[in-house]
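One structure is given below, encoded as structure tokens.
Just so it is clear: chains get the letters A, B, ... in the order the sequence lines come, proteins before strands, and each one is counted from 1.
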4 protein chains.
Amino acid sequence: MSVGGEQERPVALRADARRNREQIIAAARTLFSEVGVDVPMEEVARAAGVGVGTLYRRFSDRDELIKAVGLDNVTLLVDLAHQAERSEADPAAALIRLLRTTLELRLDITVMALSPRAFQAIQESHAIAQQRDEVIAAARRLLRRAQQAGTIRPDIDVGDMMLALFLLSRLVMPAADELGEMAFQRLFTLVVDGLRATSGSPLPGRPFDQHDLEVLRQGGMRVIDKPTVTGQG
Amino acid sequence: MSVGGEQERPVALRADARRNREQIIAAARTLFSEVGVDVPMEEVARAAGVGVGTLYRRFSDRDELIKAVGLDNVTLLVDLAHQAERSEADPAAALIRLLRTTLELRLDITVMALSPRAFQAIQESHAIAQQRDEVIAAARRLLRRAQQAGTIRPDIDVGDMMLALFLLSRLVMPAADELGEMAFQRLFTLVVDGLRATSGSPLPGRPFDQHDLEVLRQGGMRVIDKPTVTGQG
Amino acid sequence: MSVGGEQERPVALRADARRNREQIIAAARTLFSEVGVDVPMEEVARAAGVGVGTLYRRFSDRDELIKAVGLDNVTLLVDLAHQAERSEADPAAALIRLLRTTLELRLDITVMALSPRAFQAIQESHAIAQQRDEVIAAARRLLRRAQQAGTIRPDIDVGDMMLALFLLSRLVMPAADELGEMAFQRLFTLVVDGLRATSGSPLPGRPFDQHDLEVLRQGGMRVIDKPTVTGQG
Amino acid sequence: MSVGGEQERPVALRADARRNREQIIAAARTLFSEVGVDVPMEEVARAAGVGVGTLYRRFSDRDELIKAVGLDNVTLLVDLAHQAERSEADPAAALIRLLRTTLELRLDITVMALSPRAFQAIQESHAIAQQRDEVIAAARRLLRRAQQAGTIRPDIDVGDMMLALFLLSRLVMPAADELGEMAFQRLFTLVVDGLRATSGSPLPGRPFDQHDLEVLRQGGMRVIDKPTVTGQG
DNA sequence: TATGAATGAGCCTTCATTCAT
DNA sequence: TATGAATGAAGGCTCATTCAT
């Protein structure tokens, strides 16, 4: 599962250094997801149990950290996507489970950039792009199979599905809140229902494919601020 | 149902001052929606064509500006909601049009606070709360009628609908971009399809009502950072 | 009681304009004394019952206002000083009453500038300097008479007395506070006791005359910030 | 009588950090005293030879800096007061030397708050209040002894003495100015003469004790702006 | 190497002064 | 002319990043 990319340290890190690196990425993944990619670097360092100096030694600036988290995420996603493809089950079910897992693991940062800054950063990474394309390709294959099986509506393509994923990614479920969890599950189900074959209205325009998604990313659509449904800080 | 709230200027402003005030609110509405409520005040001022000083003369601080935009939005929404109720048409269609207009006019800030800060600020305004409750009540009445007509799925309540609206609000359509516009329309339709009676899976949990929404707001669910689908708008 | 000075408007002001001018000076005298010469101009205008525009029409900037207040004060002081000289009474008593009245009317701004800025401003006014010199000369004559009568200690000159006045001027008595008033009266008496002939220790150095005072003003001694004995804003 | 207060850093600072902290407090003590507690933070930082960021790292805001300076001052004062008590000499002389040292070291900020802001800040610190009370208690003991020895006038209490100290604190002696130094010494002596037993007039009202001082602080008396005897220091 | 201290640029807000009504 | 609106410079504070220990 070696990744191979421009983010890779050329030489193997010492055990403790590797541990630091992983703790930082783990902390950043959570905080990026819950607080946003603008979270203060000190907060990331604190959550990782290291000093800022160490953080900066591992990741020369915020963008590098974003890329590292992104690569880590997308690497996991490639595995998940391949697993989904390999499962014998109903392709729609596999696809939906993939979506859900992506959200539950908060891996969405890579699929759709979280902020202009994150997008910028991720754009620069060839390794991420490559892996992401593979995830999308796998998702697309699953989608096609589900559409042929008649369980997902025929008038969408993988771009539409990614946008739906993106929407859902805006809801983050704090660990210990039952109501929030329920809200997420309900909305997830509701949106997935919209993806199903039984859904009524023909969608306006034409199916969105990966290329459309790319164009959209380049300069089309903005989505907005650190929103919240809560009063929490 | 006269508005008169704590944001209301008691005395008439001079013509130029009123014009500036309106320009500032308009600029803030757009920027809050597109960039977030943390957008630099200077940027708001510049977009409104005034100096920062003018902005601060009208709105003593950022929170006041947020409240003013919120009240302005919700006041518009009350009108729209009542119009929707009065329309003889299919209640589901009226409801969906209300959702769409809300999004197109970027009035969503009031329905679901965009950030902890916005939430705080809006909480303090009795006038906003009152108007918002009226909007939600009207939406609920429409929802009930549509459910009785069998055109909206029966297992949801107004809270679910508001959450769906919130999700969609994360997609903002830049004026002159056809692809972005199409993306929005497709996703809007897709999510609305999920709201329809024909939709398949029973939603987990129980219908979300306004009270659940309130609880969620108080401290339940977080949603995340200034996301983007694009590199830059 | 015509003043004659570079601050004088060349032509007579209309009655309402004159009234405005006087109200502004009165407000400024109080606020300069109670809040400091850095008090916001809007606050001065409000206290005077006019708009800032009017204030600035009468006084081109803060320095002009300071000069106007200063000239007004010193003009009053000249009268008071001459009255004190004319009184047949004990010269020490006359002198002490002059000091007390100066403080109670808060005319001290002119004697010792209230801030670097005020000092600067006042320096520029020939009219003020002239009147101030006359006040000091009168005080000096009284002082000499009192010293010859043996009621004021012989080892001081008018400069020392002015410094004592300056010290006392740091205590401002809010209108309706009995304790504050008592504090002022006690300290006033205590300092005056230090000026009396019965006082024990010979003062170090040599008597401070008006010239020393001038030198001190030019660049010698600083005194400090908006102090308070209270928690009030 | 160990100090340990809320301003105390619990852990030892790194050598350079400690040095900076001390330089900042030293710079702030001087500037607060000479320019006022409203002196720009950048100016404090510059005087301490550090950047603003460093200043803010040590003291989270201006109030914390004020408290730190206050605690530092009052801690020194407690030592000085106890030394004064221990000295075998004439209690009046010891008391007067204590007053003089307080002024020469510019420790007065704690005894009488320099501004509403300083007062507020200092109020919040239990550690400062405690130490200040001890200083005042020691001063009171000295005062009593001197009064019993017949060398200080009997009709005053410690509150009066603190007010006298406050008055004198308004004169700040710039290091290298002989005339300013002489002015200070003369006025100091003059005021002290007013405190002596030989002084003539009975003071109006009643002796001011520590409680009166407290009441006065709470809301009674205001004293005024950044005054100066000079054009510029 | 890990740490956390220092730096300084950037955004927030206030207010002196000018200008339009 | 009186008013109060508009401007923008200045000072407060935060935080990304660099550097000394």
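Position along DNA chain F of the nearest nucleotide to V52(B) versus D61(A) favours V52(B) as the more 5'-ward residue. Residue whose closest nucleotide on DNA chain E sits further toward the 5' end, between R62(B) and V50(D): V50(D). Along DNA chain E, the nucleotide nearest to V39(B) and the one nearest to R19(B) differ in position, and the one closer to the 5' end is contacted by V39(B). Summary of the strand contacts: D63(D) and D63(A) both lie near DNA chain F, and taking for each the nucleotide with the nearest heavy atom, the more 5' one is attributed to D63(D).
Listed nucleotides dA5(E), dA5(F), dA16(F) differ in distance to R57(D); the shortest reach to its side chain belongs to dA5(E). The side chain of T54(B) lies closest to dT7(F) when the candidates are dA5(E), dT17(F), dT7(F). The side chain of Y56(A) has dT18(F) as its nearest neighbour among dG12(F), dC12(E), dT18(F). With dA2(E), dA5(F), dA5(E) as the candidates, the nucleotide lying closest to the side chain of A17(B) is dA5(F).
In this entry dT21(E) has dA2(F) as its Watson-Crick or G-U wobble partner, both defining distances falling under 3.5 Å.
Not one N or O on the side chain of S125(B) forms a donor-acceptor pair closer than 3.5 Å with the backbone of A121(B). In this structure, R62(B) contributes its side chain and V37(B) its backbone to a donor-acceptor pair below 3.5 Å. Of the possible polar contacts, none joining the D16(B) side chain to the R19(B) backbone as a donor-acceptor pair under 3.5 Å is found.
One atom, CG of L65(C), and another, P of dT17(E), lie 10 Å apart when rounded to the nearest Å. As a whole-Å value, the separation of E43(C) CD from dA16(E) C1' is 14 Å. Summarising the geometry, the separation between CZ on F59(A) and P on dA2(E) is reported as 12 Å, rounded to the nearest angstrom. When the C1' atom of dA5(F) is taken as reference, atom CZ of R58(B) falls 6 Å away, rounded to whole Å. Separating the CD atom of E42(B) from the P atom of dA10(F) is a distance of 14 Å, rounded to the nearest angstrom. Taking atom CE of residue M41(C) and atom C1' of nucleotide dG4(F), one finds them 15 Å apart after rounding to whole Å. In this entry the distance linking CZ of R46(D) with P of dT7(E) reads 13 Å, nearest Å. Taking atom CG on L55(C) and atom C1' on dT17(E), their separation rounds to 11 Å, with Å as the unit.
Contact annotation: the side chain of F59(A) approaches that of I25(A) to within less than 4.5 Å [non-hydrogen atoms, C-beta and beyond].
A donor atom on one side chain and an acceptor atom on the other are found under 3.5 Å apart for N73(C) and R29(C).
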